[in-house]
Number of protein chains: 2
Amino acid sequence: MTNIDDVARLAGVSTATVSRALRGLPTVSAATRRRVLAAAEQLEYAVSPSASRLAGGRTGTVAVVVPRITRWFFGTVVEAVEDLLQQAGYDLLLYNLGGREQVRQRVLRTANLHKRVDAIMLVATPLRPADLTALTKLKLPGVTISSGTVVPGWPCVRIDDVGVARTATRHLLDLGHRRIAHISGDPDDELAYTTHLDRRRGYREALADAGIDPDPCLDVESQFTISGGTRATEELLRRGDPPTAIFAACDEMAMGAMTALRDSGLRVPQDVSVIGVDDHDLASVLGLSTIAQPAAEQGRLAARILLDPLHGGARSSWGGPYLDTPGEPVILPTRLIVRESTAAPRAH
Amino acid sequence: MTNIDDVARLAGVSTATVSRALRGLPTVSAATRRRVLAAAEQLEYAVSPSASRLAGGRTGTVAVVVPRITRWFFGTVVEAVEDLLQQAGYDLLLYNLGGREQVRQRVLRTANLHKRVDAIMLVATPLRPADLTALTKLKLPGVTISSGTVVPGWPCVRIDDVGVARTATRHLLDLGHRRIAHISGDPDDELAYTTHLDRRRGYREALADAGIDPDPCLDVESQFTISGGTRATEELLRRGDPPTAIFAACDEMAMGAMTALRDSGLRVPQDVSVIGVDDHDLASVLGLSTIAQPAAEQGRLAARILLDPLHGGARSSWGGPYLDTPGEPVILPTRLIVRESTAAPRAH
DNA sequence: CTGAAAGCGCTTACAG
DNA sequence: CTGAAAGCGCTTACAG
């Protein structure tokens, strides 16, 4: 294949000049630049990323780590992030943990990412102390999304998970419900980690504010998926004395709950109200009440934060227009959307 | 950072030996290998991918191109592909076209991918003649998924889209429907390309087999999304004399159709039956009848085909265990799943 | 089984 | 504004 020497020869300049011209550096005369570009085009020259990276020290690549790309939130985040990275000329290396501990370790624990990427984005990735040590050693810029993923020194974009849960629960309380169940993440589930703890806390706080003692029978743990929601709800119904309302920790669980309720002959919302979190694409199709969170916006913001210092900005200083207080997470707003899945409980 | 020289020095061998030992080449004595591994671990050494790629000529990276990662089919495919690539030690470079023509051109038209990846997977990517020329020039191994994406010399994994549409339509005919509408992809939509043509053909063939002339009023084009399905169905209802059944080209469109029907006061399946294609995660939640296609399996198969020759196999010869007839596409089976959204039309 | 040396294809001070 | 030269950190024949 044609390399930089071929272009230099054809354009009648040195390889250094070709390199500068092609990268748009200002220290090249217009005429020279034109000749170089013409030569490059004529030869269909494309720089070798490996050579460029080795010599220049930059990879032009960002690693994006998500628990499961097939879940609505993560797919939406990745799509938004890819868009911005693409615009900025960066490649996106995708790591879909998929609950595989081995992969998690290879990505987070080893120096695997070291010379492979310029920056790291961790989305809702559970982190153990050893992971933090390893990430810190990498000395790469990074950003996280989700309250459960906190790396000292890295900016974090997230929503207020406790507040979200309070709002959802309060909505049910305002409708007159007293027996409100919560289905959420399993502590054994690598993917759920602390987000579900925050949401449970908000749920309990809202109950407490209403003077209701949390009933352990109404609190079931499962996975953050449709089938997880189905299983949790089946378990809930098995325990007897069913709730009049269910607050699911995410829309996918809520959808699973709706399925389980239907299969048990219970109607939503006449017999049981259901509310989730996310505003999943299909929430409106299902008439699911939910707390909407801006998934794409969180991805966009995180990408911008990452790209900012990457673009010649001072790598050492996070901040700029996106982080007023570098140490504080950026918390994006959420909002209650009432649809058909929540209503007042029937009078007894 | 520590480099190969540091490891060589500590282990008391040459860098060539370190390189061989770390890569597990057989021409290294057990004792030497042990010393090298110990030294590498002690120094927390990680090879520089750029240097390794430049010297070795292999990138250990595969480009995966999808129209929209947020659509069920593509997310599912990518997840399966990532799993296999990860296991084989390959990085996954994600390109989410997202209908951005500029990105499409940058990825497909330029030699951008040239030294960046070892192989390319194109999932349901519309290809123009100029794209084919560019891809062929790259001389990289590749594989495609979907009947609409055909690159001469590249293996293709897909389903029988015409057959799928015939089966879906015949199911509705068997139930007694005669006025069967079809909602499918828009020819202006970069993402729909030929898959929707195949599905329309199957729809028409099934109608013809039943002695029914296709009614253009019952054939509406829109996008392969939930909102596309909603819009198409609204258009369908606007035209008057509504159908008794709708065959949607994918489950997401079918879900949109269900929403539009509900919002118009029509019940599914009492007033209108709806069937889709995919067996989307949520199809069972919605009780949607559909033609299931193996998304993850298509991804897995395509990944295996790609990895096979990559693993030291002869790059020139596709085939092996996965392709009996190299020129022929691998066609995976689909199956009809009848749920609650399809039923016999009401007697007039 | 192991090493010395060339080379992969760029970018970056440095000098002019 | 431009060029000569060193160097980025590996892998690969080649030789032994």
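None of these values were measured; they are calculated from a predicted model. Chain naming here is simple, since letters A, B, ... match the order of the sequence lines and numbering starts at 1 in each.
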What's B:Pro26 touching, base or sugar-phosphate or nothing? Going by heavy atoms closer than 4.0 Å.
sugar-phosphate
In whole Å, what is the span from the CZ atom of A:Arg35 to the P atom of D:dT2?
8 Å
Rounding to a whole Å, what distance do you find between B:His114:NE2 and C:dG9:P?
9 Å
Name the pairing partner of C:dA13, where a pair is Watson-Crick or G-U wobble with both distances under 3.5 Å, or state none.
none
Would you check, one step at a time, whether the test side-chain hydrogen bond (donor to acceptor under 3.5 Å, both in side chains) holds for B:Asp91 with A:Tyr95?
CA-CA 8 Å; B:Asp91 277 334; A:Tyr95 294 98; 3.0 Å; yes
Under 3.5 Å between N/O atoms: give me all the protein pairs with nucleotides 5-8 of chain C, atom names plus distance.
| from | atom 1 | to | atom 2 | distance (Å) |
| --- | --- | --- | --- | --- |
| C:dC8 | O2 | B:Ala55 | N | 3.4 |

With a 4.0 Å limit, can you tell me whether B:Arg23 has a side-chain N or O closer than that to the phosphate oxygens OP1/OP2 of D:dT12?
yes
For side-chain contact (heavy atoms from CB on, under 4.5 Å), just list the numbers for B:Thr144 and B:Trp154, CA-CA rounded to whole Å, side-chain angles, deciding distance to a tenth of an Å, and then say yes or no.
CA-CA 7 Å; B:Thr144 63; B:Trp154 287 13; 3.8 Å; yes
Rounded distance (Å) that lies between atom P of D:dT11 and atom CG of B:Leu22:
8 Å
Could you tell me whether the phosphate oxygens of C:dT2, OP1 or OP2, come under 4.0 Å of any side-chain nitrogen or oxygen in B:Ser14?
no
Please check if any side-chain donor atom of B:Thr17 sits under 3.5 Å from a side-chain acceptor atom of B:Ser14, or the reverse.
yes
Over all strands shown, is A:Arg53 touching base, sugar-phosphate only, or nothing at heavy-atom distances under 4.0 angstrom?
nothing
Salt bridge check: are B:Arg300 and B:Asp83 linked by an N-O gap of less than 4.0 Å?
no
What is the nucleic acid contact for A:Thr32, judged by heavy atoms within less than 4.0 Å: base, sugar-phosphate only, or nothing?
sugar-phosphate
For B:Ser29, report the nucleic acid contact type (base, sugar-phosphate, nothing); a contact means any heavy atom under 4.0 Å.
sugar-phosphate
Just the rounded figure in Å: distance from P of D:dT11 to CG of B:Asn3.
12 Å
From CZ of A:Arg33 over to C1' of D:dC1, roughly how many Å is that when rounded to an integer?
11 Å
Measure the distance from CG on B:Leu25 to P on D:dT11 and round it to the nearest whole Å.
9 Å
For B:Thr70, enumerate each residue passing the side chain to side chain donor-acceptor pair (under 3.5 Å) test, keeping only those at least two apart in sequence or located in another chain.
A:Glu79
Does the B:Thr59 side chain pair with the main chain of B:Asp118, one donor and one acceptor, at a distance under 3.5 Å?
yes
Checking salt bridge (Lys or Arg N to Asp or Glu O under 4.0 Å) for the pair B:Glu82/A:Arg100: CA distance, chi angles, key distance, verdict?
CA-CA 12 Å; B:Glu82 200 268 358; A:Arg100 300 164 300 180; 2.8 Å; yes
For C:dC10, does either OP1 or OP2 sit under 4.0 Å from a side-chain N or O belonging to A:Ser19?
no
D:dC14 P sits how many Å from B:Arg20 CZ, rounded?
13 Å
With a 4.0 Å cutoff (strictly under), does any side-chain N or O of B:Ser48 reach OP1 or OP2 of D:dG9?
no
Given D:dA4, D:dA13, C:dC10, identify the nucleotide with an atom nearest to the side chain of A:Val47.
C:dC10
Picking from C:dG3, D:dC10, C:dT2, which would you name as closest to the side chain of B:Ile4?
D:dC10
I need the CG-P distance between A:Leu43 and C:dG9, as an integer number of Å.
15 Å
Under 4.0 angstrom, heavy atoms only, what part of the nucleic acid is A:Ser52 near: base, sugar-phosphate, or nothing?
sugar-phosphate
Applying the 3.5 Å cut-off to both distances, the Watson-Crick or G-U partner of D:dA4 turns out to be none
Regarding A:Asp131 and A:Arg128, does a basic nitrogen lie under 4.0 Å from an acidic carboxylate oxygen?
no
